[in-house]
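Notes follow once the structure below has been shown.
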Amino acid sequence: VQAMRILEQAMTLAWGAPHTTAGLLGHVALHHALRHEDPPAQACAQEALRLIGNDELPEVRGWSEVVLGWVEARAGAAPRGLERIATGMALQPSDGTITFRYLQTALQVEALLAAARPREALDAAEKALAHLARTASGFIEADLWRLRAESLLQDGSAEASMAEEHLLRGIEIARRQGALFWELRATSTLAQLWASQGRSEQARAALAAVYGAFREGFETVDLAEARERLLRLGV
């Protein structure tokens, strides 16, 4: 929430400088996507592309194309969306910012899951986690473990206990990093899994504990979904 506020404040100072504004809009589009806010993510990405026109700004163009592809895949246009994501990621230099590459991989995995292609989603998540293990970066690691678990659950070829282990690992990493947002997202998926196994009381307790730790951002998609899940669980 605070990061988004800073970006929005920066944009108010950047109008009149199209390339600077486009770069900021690309960042904002990624942050909206990170928060699962599809319409504003799409609007920011489209405006970033409009501002750069035919100019050579591969990273900004790449970020924007990935976000637009993610939105399209989640809206049901999976083939076009996934193609757009692949194009956007290929546009960016291989030595580009690693943090953004991991974020875009997470969006790619979510798009593959939206397209019901769990094997490809699992492969992408595993490759990203393997790369993370060779670097000092821990950014979005917890969420990649969640996505790995969700890929396994959608595929249905592995024991649910393996997905549970991945979710618990993601939660542990999020707690170690103080990343409450990632902890909520992994816990929400875990609560859904436990509820499907008849462990509703355990699911309620786990999700209520994380949800209760938040002091702001209750309008965000993840917190709204967590609140709805808690209501379904009887809290």
Side-chain angles (χ1 to χ4, degrees), residues 30 32-38 41-42 62 65-90 100-134 138-174 179 181-199 202-203 206-207 221-222 225-226 228-229 232:
L30 284 168
H32 278 304
L34 182 72
R35 288 158 45 139
H36 289 173
E37 296 167 344
D38 300 47
Q42 183 179 39
E65 291 289 352
V66 168
V67 169
L68 291 174
W70 171 81
V71 171
E72 288 176 350
R74 282 162 59 88
R80 173 174 166 77
L82 290 168
E83 181 179 353
R84 200 163 193 173
I85 289 171
T87 299
M89 294 181 77
F100 288 130
R101 298 292 290 187
Y102 289 141
L103 171 55
Q104 291 171 76
T105 297
L107 297 181
Q108 182 183 39
V109 174
E110 289 187 340
L112 286 164
L113 288 173
R117 291 161 64 172
R119 293 292 180 92
E120 294 171 66
L122 181 61
D123 182 60
E126 288 179 343
K127 286 180 179 177
L129 285 166
H131 190 274
L132 268 170
R134 298 193 300 269
F139 179 76
I140 213 168
E141 182 181 5
D143 206 43
L144 285 168
W145 280 105
R146 173 190 69 87
L147 289 168
R148 187 176 184 178
E150 292 192 1
S151 300
L152 286 172
L153 291 170
Q154 189 181 103
D155 183 55
S157 62
E159 294 291 333
S161 59
M162 183 178 294
E164 181 177 345
E165 288 176 9
H166 291 346
L167 291 167
L168 289 171
R169 182 164 182 177
I171 290 167
E172 188 275 327
I173 291 169
F181 182 78
W182 300 133
E183 183 181 353
L184 173 72
R185 195 169 278 181
T187 304
S188 185
T189 298
L190 182 62
Q192 184 178 17
L193 174 60
W194 280 347
S196 72
Q197 297 172 332
R199 301 159 67 183
Q202 193 175 0
L207 188 54
V221 173
D222 286 276
E225 289 179 350
E228 291 175 5
R229 181 157 288 152
R232 290 195 297 271

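Positions are given from 1 along the sequence.
The minimum heavy-atom distance linking Ala125 with Val109 is given by the pair N-CG2, 3.9 Å. When all heavy atoms of Leu34 and Trp182 are compared, the pair lying nearest together is CD1-CH2, 3.1 Å.
The environment of CD in Gln154 is crowded: more than 12 heavy-atom neighbours from other residues, nucleotides or ligands sit within 6.0 Å.
Between the side chains of His36 and Glu110, at least one donor N or O lies within less than 3.5 Å of an accepting N or O. With hydrogens and angles left out, the side-chain atoms of Glu150 and Thr189 include a donor and acceptor closer than 3.5 Å.
Between the Ser196 side chain and the Leu193 main chain, a donor and an acceptor come within less than 3.5 Å of each other. Judged purely by atom type and a 3.5 angstrom limit, Arg185 has no side-chain atom pairing as donor or acceptor with the backbone of Arg146.
Comment: Arg119 does not engage Asp123 in a salt bridge, judged by the lack of any side-chain N to carboxylate O separation of less than 4.0 angstrom.
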Please tabulate, for side-chain N and O atoms in residues 160-169, each donor-acceptor pair with protein atoms closer than 3.5 Å (sequence neighbours left out).
{"unit_1": "Glu164", "atom_1": "OE1", "unit_2": "Arg199", "atom_2": "NH1", "d": "3.4"}
{"unit_1": "Glu164", "atom_1": "OE2", "unit_2": "Trp194", "atom_2": "NE1", "d": "3.3"}

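With rounding to the nearest 0.5 Å, the separation of CG in Asp143 from CD in Glu183 is 12.5 Å.
Looking at residues two or more places apart in sequence or on another chain, you find a salt bridge (charged side-chain N to carboxylate O under 4.0 Å, His left out) between Glu126 and Arg148. Looking at residues two or more places apart in sequence or on another chain, you find no side-chain hydrogen bond (donor to acceptor under 3.5 Å, both in side chains) involving Thr105.
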*Start with the C-alpha gap between Val221 and Asp38, add the side-chain angles, then the distance that decides, and say whether side chain to side chain contact (heavy atoms under 4.5 Å, CB included) holds.*
CA-CA 10 Å; Val221 173; Asp38 300 47; over 6 Å; no
